[in-house]
Amino acid sequence: MAFDTQQINKQRQNLSDYDEIWVFGYGSLIYKVDFDYIISESAHITGFERRFWQGSHDHRGTPDNPGRVLTLSNVEGARCFGRAFKVHHTIFEHLDHREKNGYLRHETDIYLSDNRIISGLVYIASPDNAAYLGQASILEIAKQIFNSSGPSGANRDYVFELADALRKYQESDEHVFQVERALVELSRES
Ligand code: SIN
């Protein structure tokens, strides 16, 4: 079920108090930068891993045939690579709309590549949101992604573009790469 978080996010942090704010992206925010930013840097956060456990009813799927997109899962000691963007607070109007299906803004420490640690925000879709799909095998995840598309395009392109972006930054993510390999296999078979 779709779940619109825009109003909740507006009440979570009063961003107009700040001129510039950092936001950490780990999924499509890495490769689809459709917003203005002041600077952007490679970065990571700790204690999380990417998982294709969130339903996409608005971007890469439809309400009747949801796709699967990334959220973060708590894993002690884990490191999750991404991109950090310093943005003006007004950009969150757009980001809240883009990430509206189940994602809430959370405060986090962001580790920049030059070892600076800054505070910022990250969008996480937690297991209690109505659009959450949860764990499934790599093959089940890949099959659902293979058969989904929505207003933002084919769900499989979400995976391929992210995997390419990770390679471009010389980063690896076993979960993402396993789903990518399963998708390539499914395309061969079809
Ligand atoms: C993100 O990229 O940080 C959030 C998930 C997504 O939009 O793919």
Side-chain angles (χ1 to χ4, degrees), residues 2-6 8-9 12-13 15 21-37 40-61 66-75 78-87 91-112 118-127 129-134 141 144-145 148-169 171 173 175-177 179-180 183:
F3 177 56
D4 191 332
T5 52
Q6 285 177 99
I8 310 173
N9 270 328
R12 281 170 77 81
Q13 297 101 11
L15 302 180
I21 305 161
W22 285 92
V23 59
F24 177 81
Y26 56 88
S28 65
L29 289 176
I30 294 182
Y31 63 82
K32 187 179 176 190
V33 185
D34 59 355
F35 52 91
D36 289 333
Y37 59 88
S40 136
E41 298 195 24
S42 288
H44 70 271
I45 60 173
T46 58
F48 291 102
E49 284 184 357
R50 270 177 276 265
R51 291 287 181 268
F52 288 101
W53 290 352
Q54 177 64 6
S56 181
H57 304 73
D58 55 347
H59 282 298
R60 301 290 182 163
R68 276 183 178 261
V69 287
L70 288 167
T71 185
L72 293 178
S73 172
N74 288 102
V75 178
R79 165 191 179 278
C80 179
F81 167 83
R83 295 286 296 173
F85 302 90
K86 192 198 266 187
V87 296
I91 298 298
F92 282 89
E93 191 70 30
H94 169 71
L95 293 178
D96 285 354
H97 180 262
R98 175 172 159 171
E99 304 298 324
K100 69 182 186 311
N101 195 33
Y103 293 85
L104 292 177
R105 298 187 216 129
H106 290 260
E107 282 162 38
T108 183
D109 284 343
I110 302 172
Y111 297 77
L112 299 178
I118 49 156
S119 305
L121 297 172
V122 57
Y123 286 91
I124 300 177
S126 56
N129 86 83
Y132 193 75
L133 296 176
I141 290 174
Q144 185 168 356
I145 290 174
S148 302
S149 66
S152 297
N155 201 175
R156 65 187 85 163
D157 290 340
Y158 178 100
V159 180
F160 293 145
E161 287 181 53
L162 177 68
D164 282 347
L166 291 175
R167 281 188 285 269
K168 182 180 108 187
Y169 291 113
E171 290 285 334
D173 185 312
H175 181 72
V176 174
F177 290 169
V179 172
E180 182 193 34
L183 283 169

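Order of appearance sets the numbers: ligands from 1, and atoms from 1 within every ligand.
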Between ligand 1 and the protein, tabulate every N or O atom pair separated by less than 3.5 Å, reporting distance only.
unit_1: ligand 1; atom_1: 2 (O); unit_2: G27; atom_2: N; d: 2.8
unit_1: ligand 1; atom_1: 2 (O); unit_2: S28; atom_2: N; d: 3.2
unit_1: ligand 1; atom_1: 2 (O); unit_2: L29; atom_2: N; d: 3.0
unit_1: ligand 1; atom_1: 3 (O); unit_2: Y26; atom_2: N; d: 2.9
unit_1: ligand 1; atom_1: 7 (O); unit_2: S28; atom_2: OG; d: 2.9
unit_1: ligand 1; atom_1: 7 (O); unit_2: E99; atom_2: OE1; d: 2.9
unit_1: ligand 1; atom_1: 7 (O); unit_2: E99; atom_2: OE2; d: 2.9
unit_1: ligand 1; atom_1: 8 (O); unit_2: S28; atom_2: N; d: 2.8
unit_1: ligand 1; atom_1: 8 (O); unit_2: S28; atom_2: OG; d: 3.0
unit_1: ligand 1; atom_1: 8 (O); unit_2: Y158; atom_2: OH; d: 2.5

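- Figure legend: cation-pi geometry between R167 and F177, with NZ or CZ positioned under 6.0 Å from the six-membered ring centre and within 45° of its axis.
- In this structure the side chain of H59 never reaches within 4.5 angstrom of the side chain of N155, judged on heavy atoms.
- Within 6.0 Å of atom CG in D164, more than 12 heavy atoms from other residues, nucleotides or ligands are found, so the atom counts as buried in its surroundings.
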Step by step, work out the side-chain hydrogen bond (donor to acceptor under 3.5 Å, both in side chains) result for E99 and N9. CA-CA 10 Å; E99 304 298 324; N9 270 328; over 6 Å; no

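- Salt-bridge annotation for D173 and R50: present, with a side-chain N of the basic residue lying under 4.0 Å from a carboxylate O of the acidic one.
- The side-chain heavy atoms of D34 and H94, taken from C-beta on, include a pair separated by under 4.5 Å.
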